[in-house]
Amino acid sequence: MPEPDNKHRIWQVVHAIPAGRVSSYGRVAKLAGLAGAARLTGHALRGLPRDTQIPWHRVINSQGKLSLPPGGEAYEEQRQRLQAEGVFFTAAGRLRSQDYWWP
DNA sequence: CCGTTGACTTTCG
DNA sequence: GCGAAAGCCAACG
């Protein structure tokens, strides 16, 4: 077949992110062999079931912020989970660059 | 098959 | 630091 399970690969990469660290969509896409397809990472994460074990909350955008709409439930949940793992947010709602995961 | 949409990224002003 | 525009790829109707 021409194309393997891209979503599955993205999930695998996301699952490889250690706790207390975060990564960006573009970074995950590149590690999954889909360089330049940052949006695919978003699609893959959006298609996750609620009872997934994938740490989707460790994936944020290149601006150091959450891509989810502020004020939404998913946004608060992601923020809460990250803080529970030791990741803190700045007053501007951005994550510390030192918490980024770099393989 | 084609146009739109989207949990993105980069560049420019 | 922020907003707008262009570029990128896959899923949807």
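Keep in mind the model is a prediction, meaning the values are calculated, not measured. To find a chain, count down the sequence lines: A is the first, B the second, and so on, and within it residues start at 1.
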Looking at side-chain heavy atoms only, is the closest gap between [X] and [Y] below 4.5 Å?
X: Phe89(A); Y: Lys65(A); result: no
X: Asp5(A); Y: Trp11(A); result: no
X: Leu45(A); Y: Val28(A); result: no
X: Trp56(A); Y: Gln78(A); result: yes

Gln53(A) atom CD: more than 12 heavy-atom contacts under 6.0 Å:
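At most 12 heavy atoms, drawn from other residues, nucleotides or ligands, come within 6.0 Å of this atom.
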Contact nearer the 5' end of DNA chain C, comparing Ala35(A) with Lys65(A)
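So the residue in question is Lys65(A).
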In whole Å, I'd like the distance from the CG atom of Asn6(A) to the C1' atom of dA11(C).
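After rounding, the gap between these two atoms is 12 Å.
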Atom-to-atom span, CD1 of Ile10(A) to P of dC9(C) - whole angstrom
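My rounded result for the distance is 13 Å.
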Is the shortest side-chain N to carboxylate O distance from Arg81(A) to Glu77(A) below 4.0 Å?
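The answer is yes: the pair qualifies as a salt bridge.
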Of the residues in residues 80-87 of chain A, which ones touch DNA chain B at a heavy-atom distance under 4.0 Å?
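Of all residues in residues 80-87 of chain A, none places a heavy atom under 4.0 Å from DNA chain B.
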Taking protein heavy atoms under 4.0 Å as touching, what does nucleotides 6-13 of chain B look like 5' to 3' if B marks base contact, S marks sugar-phosphate-only contact and - marks none?
BBBSS---
Who passes salt bridge (charged side-chain N to carboxylate O under 4.0 Å, His left out) against Arg46(A), sequence neighbours left out?
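Applying salt bridge (charged side-chain N to carboxylate O under 4.0 Å, His left out) to Arg46(A) gives none.
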Distance, nearest 0.5 Å, that separates CD of Gln83(A) from CD of Gln80(A):
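If I round to the nearest 0.5 Å, the distance is 8.0 Å.
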